[in-house]
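Note on naming: letters A, B, ... go to the chains in the order of the sequence lines (proteins, then strands), and numbering restarts at 1 for each one.
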Amino acid sequence: MQPFAYAAPTSIVETVSLLTQHSGQARLLAGGTDLLVQLKENRRQAALVIDIKRIPELNALSYSPEAGLRIGAAVSCHRICAEPAIRQAYPGLIDAVSLIGGAQIQSRASLGGNLGNASPAADSIPALIVHHAVCEVEGPAGRRDIPAEAFCVGPGRNALQAGELLVAIRAPSPPPRFGAAYLRFIPRNEMDIAVAGAGASVILNEAGDTIVSARVALGAVAPTPLLVEAAGAALAGQPPTAEVIEQAARIAQSVAQPITDMRGTASQRRHLAWVLSRRALEQAVARAQATR
Amino acid sequence: MSSATPTIEKPPYRVVGTRPIRPDGVDKVTGRAIFGADVRLSGLLHGRVLRSPHAHARIKSIDTRAAEALPGVKAVVTGHDFPDPQNKVAASGEGTVNLRSLAHNCIARDKVLYFGHAVAAVAATTPNIAEEALKLITVEYELLPHVLDVREAMRPDAPLLHDDLRTNEMGQRAETPSNIANHTRHERGDVNQAFAEAAVVVEREFRTSMVHQGYIEPQNGTALWNADGQISVWCSTQAPFDERNQLAEILGMPVSKIKVTPTEIGGGFGGKLSVFLEPLAAMLSKKAGHRPVKMAMNRAEVLAATAPTSGSYIRVKIGADKNGCIVAAQAWMVYEAGAFPGSPVDAGAGVIFAPYRIPNVLIDAYDVVVNKPRAGAYRAPGATNAAFASESVIDELAEKLGIDPLEFRILNGAKEGDRRADGPVYKRIGFIETAQAAKAHPHYSAPLAPSRLDPEGKNPAIKRGRGVAAGFWFNWGGKSSAWASLNPDGTVSLIEGSPDIGGSRASIAMQLAESLGVRAEDVKPAVVDTDSVGYNDATGGSRVTFGTGWVAWRLGEKLKQQLKARAALLWEVTPDQVKAEAGVFSCNGRSITLKELAGKLDETGGPIVASDTFESDEYGPGFGVHIVDLEVDTETGKVQILRYTAAQDVGTAIHPAYVEGQLQGGVAQGIGWALNEEFVYDAQGHLLNASFLDYRIPTALDLPMIDTVLVEVPNPGHPYGVRGVGETPIVPPAGAVANAIYHAIGARMTALPMSPARILEAQGKA
Ligand SMILES: Cc1cc2nc3c(=O)[nH]c(=O)nc-3n(C[C@H](O)[C@H](O)[C@H](O)COP(=O)(O)OP(=O)(O)OC[C@H]3O[C@@H](n4cnc5c(N)ncnc54)[C@H](O)[C@@H]3O)c2cc1C
């Protein structure tokens, strides 16, 4: 690891100006559970590390059924999981967030960092996608929203422009009869990066016998997390039966473009895309039905 | 072999078989124990290693000038700074090592032979400067074709690693160079005829990947090459005396100039039997003007460039008659030696059919070099690969014959007087007793353990199964030395030279306490440097509790004899009239306790010390039989271990808690090897998964409680009946898990690891 300068600004404006001044040389530090490891292993370089945990807005966490969910980019996974109302309303997100590391990592790791790191295997991103989350970013040109499914643009690359940072993640309040789930596959029971992951959400009609709308998203089977729109389309208006779910899961599988690497083979991942999409959909439907 | 009275019946011991608290426990749990990383000397420099980014290349030039010019850099060394040792073979653990290979493995000369091979080293005032200096070293490489697969490496047209390597073909040196270093054959009877006459024959081929010991503490070493030519080394090692020899040869210095101090050791499992960094640290120290130099690897270096154990290709064929008696067994075994000859294939050949009585045998064993790190020992080196293959075939044979798999093993089990497939005749062994203990264990008759993935039993994709397998390890004797002095309060200071990896301080001290007649707590063991105690072979081969324990037993006897003489002096009788029992000396109605007698040392002739040595080429074979219940998620290929029972013939368990710990640890490592551990190389020969994130050893969440059954069949070759226990337990798990997977999903797994991807493939799903 090489020596670097350190700054801990207390406002977004200050941060944007530091990022602009040190364009390309500065890195934001939230929990540091990705960044510090990468710096130590010389996998990333930084002349300036900007700690964003002292910026109040990035540490704010709020939820109400009216306004929905707003998670400051630097809020730790532990804080998200500790809120009973959030656990209730965003089960797919909670599935994902509670998977990220053990207790120590949980109390540092943030969603801003998980998105910022832009790993194709990041656990929170497919879950955020199926919860219709948007990323609020601010930069020299002001604020803008980026849908979660558009935030990553390649392995380790995201849609932020020079001088921009992620401020918060918003997700709408779920409508009635909503259910969501996120599942990942790892060979052990801890300590692994997802070989494949799948998130799913459904909204059922009042009778509970028809899917009004649905989303399916995949992780670790493409250069970025994927929203599988065709799977959602195939589910909408259909009964939540095993056949319908199976068909949607097969669509998700067909969209996967995995690679073979040390964590798994392409054919294994393609197969898992089907298994996990199906299981995530089954669980999302069960959860939606349980809210009735 | 030293003489002793064999004890087949277990006498009523007072200390042996109890569970005292380990003497090193408090320091270890409070963080006070001194490990290699804790060594701090004034003027200390920090060393780092430049490593090859290529699997096979000729070094055309190395330019270190820019690195030397960097402020803070005090020395740079390359292979040219070292003398070139002769092709000389020396002891290493229970195996041997060619010192020239070892020297070239520590730092490359004209060729790099694997990804991570050391090319140069730097010492600087801080680790960061040393790291920066590495980037300033320019190495010009000429890339050479490489070979990673053993069977490809055996082909006549394969790229050669060593121009001067000729196959030792059963004692004959071949004419032309080859990657096949050695071919050994064990032959008895006529396998072809026996197979032709057999009622059932099963033949299969198996592959296993290179795996690593996965100890927590990385290799490290601090060296001071003093101005007077004395070299002091502090390091994490299983083998301080072997390392002293190795250093002498690699540095071109006499052993008398070298002192090795073993620090506490955070695991070794065979991976710390030879030097890696120590010679570099010593040479850097010399070049840096005799300042001490400290070096430590990071995890990526440990995985890429230490001493993992061989991947292998094994073909096994076994035949039985209609009554279920094995009539013939054949094995063709090829082990990866890594960059230099010396894989444990010969040990594998001894293990592969060891539990069984087999009239016709043919075993061919090949040691083959490939462009991977030099293979080392790993807990029962070579055995897990071998038993995975043979125990899978044994299971299949039992199934075809319709015989219970444990019954089949008992029916064919080796006993005293039987000849092992590779030659030696067994003395008293406990295989049958161990298999019977496993069969009688409640686990074997219980229903399959309940599912963890699907507790309600709703998911038809989850399948459960049970498997069994047996295993064997030699358990070596070797050489040990120790000495002891009696303190005036009746306690004993015990000075030994066997690094304590698995609680051996306690087990050694207990054997002295038993023979002298004091409490375990009254013996204070210390592991010291190579100048302060006589020669000791490595802590390896499951030999320390056996061999060093033997010395401790005799030290107790010797101290006792001297104390008898002192009591005799007080009472004016002859020493043979004095009886010693449980720390009380008596004669004709008079008695004195050991403590009282110790208080009178000054009046009776001064200090009492004892020293002794031990040497034995005898082996105390140990057998294990394991039972595992597991479940397979057939849709994801994931295996969850549900219940595990390990029965083992442990001779006499000196400290049963540490024996149980050895069994549990061996099983844990065996399960990791079975399910997920493997070195993943890309086509260019780069190791891709050099981290504990992607080199997947089991976590606590992946293992159930591992039940142990200690079967005590005392070893007639040891005063307390000790057999080594540490290695046998890693031998059966891969076979047991493979057999259980078969019984769950109906597919025979023939490659390790049995990873989720492989299990999907075996079912035709991916
Ligand atoms: C032991 C361990 C286990 C882990 N397990 C998992 C797991 O199971 N699943 C998983 O998905 N991940 C896992 N991770 C990775 C990591 O913990 C997560 O990605 C985490 O969410 C990162 O958050 P952080 O706050 O620590 O990010 P940091 O390391 O602080 O930052 C990560 C990256 O995001 C950038 N960044 C941070 N904040 C912002 C912002 N506001 N705007 C723009 N860019 C920003 C940083 O510059 C950096 O490039 C694990 C890591 C460790 C060490």
Side-chain angles (χ1 to χ4, degrees), chain A residues 1-4 33-34 37-43 45 99 101-103 105 119 121 183-198 220-221 242 246 249 253 256 258-280 282-283 286, chain B residues 126-129 131-132 134-135 209 298-300 452-454 458-459 461 633-641 671-672 675-683 686-704 753-761 763-766:
Chain A
M1 181 166 66
Q2 287 316 302
F4 51 76
T33 60
D34 279 317
V37 180
Q38 292 161 355
L39 289 176
K40 277 193 178 169
E41 294 179 354
N42 292 316
R43 284 192 283 140
Q45 314 293 330
L99 285 176
I105 297 296
S119 159
L183 294 172
R184 72 171 178 192
F185 178 75
I186 56 173
R188 295 179 289 186
N189 291 317
E190 250 303 341
M191 268 295 285
D192 284 322
I193 291 181
V195 175
V221 294
E246 166 70 15
Q253 179 180 27
I259 55 164
T260 292
D261 66 9
M262 74 250 190
R263 298 190 180 124
T265 65
S267 63
Q268 173 192 18
R269 288 189 160 112
R270 211 169 292 117
H271 174 84
L272 287 171
W274 162 63
V275 174
L276 296 175
S277 307
R278 199 192 72 220
R279 289 182 179 181
E282 284 165 358
Q283 208 167 329
Chain B
T126 72
N128 267 348
I129 295 175
E131 191 81 48
E132 274 307 282
L134 296 183
K135 296 182 194 154
S209 297
N298 60 34
R299 184 63 56 190
R452 254 176 72 174
L453 298 169
D454 178 36
K458 282 189 190 153
N459 188 347
D633 181 337
T634 56
E635 285 185 342
T636 63
K638 180 162 171 162
V639 172
Q640 179 73 48
I641 307 290
I671 288 173
L675 292 180
N676 283 306
E677 291 180 38
E678 65 178 315
F679 273 21
V680 182
Y681 283 92
D682 67 12
H686 305 130
L687 181 62
L688 296 178
N689 60 335
S691 77
F692 271 161
L693 174 59
D694 292 314
Y695 183 85
R696 292 157 170 155
I697 64 176
T699 72
L701 299 176
D702 302 313
L703 298 168
M754 297 175 277
S755 60
R758 287 233 172 87
I759 288 179
L760 290 179
E761 277 164 31
Q763 302 174 97
K765 290 187 177 170

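In this structure, a donor-acceptor pair under 3.5 Å is present between the side chains of A:Asn189 and B:Lys638.
Only the side chain of B:Gln640 comes within less than 4.5 Å of a heavy atom of chain A; its backbone N, CA, C and O stay farther away. Within the 4.5 angstrom heavy-atom criterion, no atom of B:Ala700 approaches chain A. If you measure heavy-atom distances from B:Arg452 to chain A, the contacts under 4.5 Å come from the side chain alone. For B:Asn298, no part lies near chain A; criterion is any non-hydrogen pair under 4.5 Å.
Contact check for B:Arg696 versus A:Asp192: side-chain heavy atoms found under the 4.5 Å cut-off.
Rounding to the nearest 0.5 angstrom, the gap separating the CZ atom in A:Arg279 from the CG atom in B:Asn459 is 5.5 Å. One distance of note links CE of A:Met262 with OH of B:Tyr695; it measures 14.5 Å at 0.5 Å rounding. A distance of 10.0 Å separates CZ of A:Arg263 from CG of B:Leu688, quoted to the nearest 0.5 Å. From A:Ser267, atom OG reaches atom NZ of B:Lys765 across 13.5 Å, with rounding to the nearest 0.5 Å.
With chain A as the partner, the residue from B:Asn689, B:Thr636, B:Leu701 showing the most heavy-atom pairs under 4.5 Å is B:Thr636. Highest contact tally toward chain B, considering only A:Ile193, A:Thr265, A:Leu276, is held by A:Ile193 [criterion: heavy-atom pairs under 4.5 Å].
Contact between A:Trp274 and B:Glu635 at its shortest, heavy atoms only, is CH2-OE2, 4.5 Å. Summarising the geometry of A:Gln268 relative to B:Leu760, their closest heavy-atom pair is CG-CD1, 3.9 Å, with the distance given to 0.1 Å.
Within a 6.0 Å radius of NZ in A:Lys40, no more than 12 heavy atoms belonging to other residues, nucleotides or ligands are found.
No donor-acceptor pair under 3.5 Å is formed between the side chain of A:Arg188 and the backbone N or O of B:Asp702.
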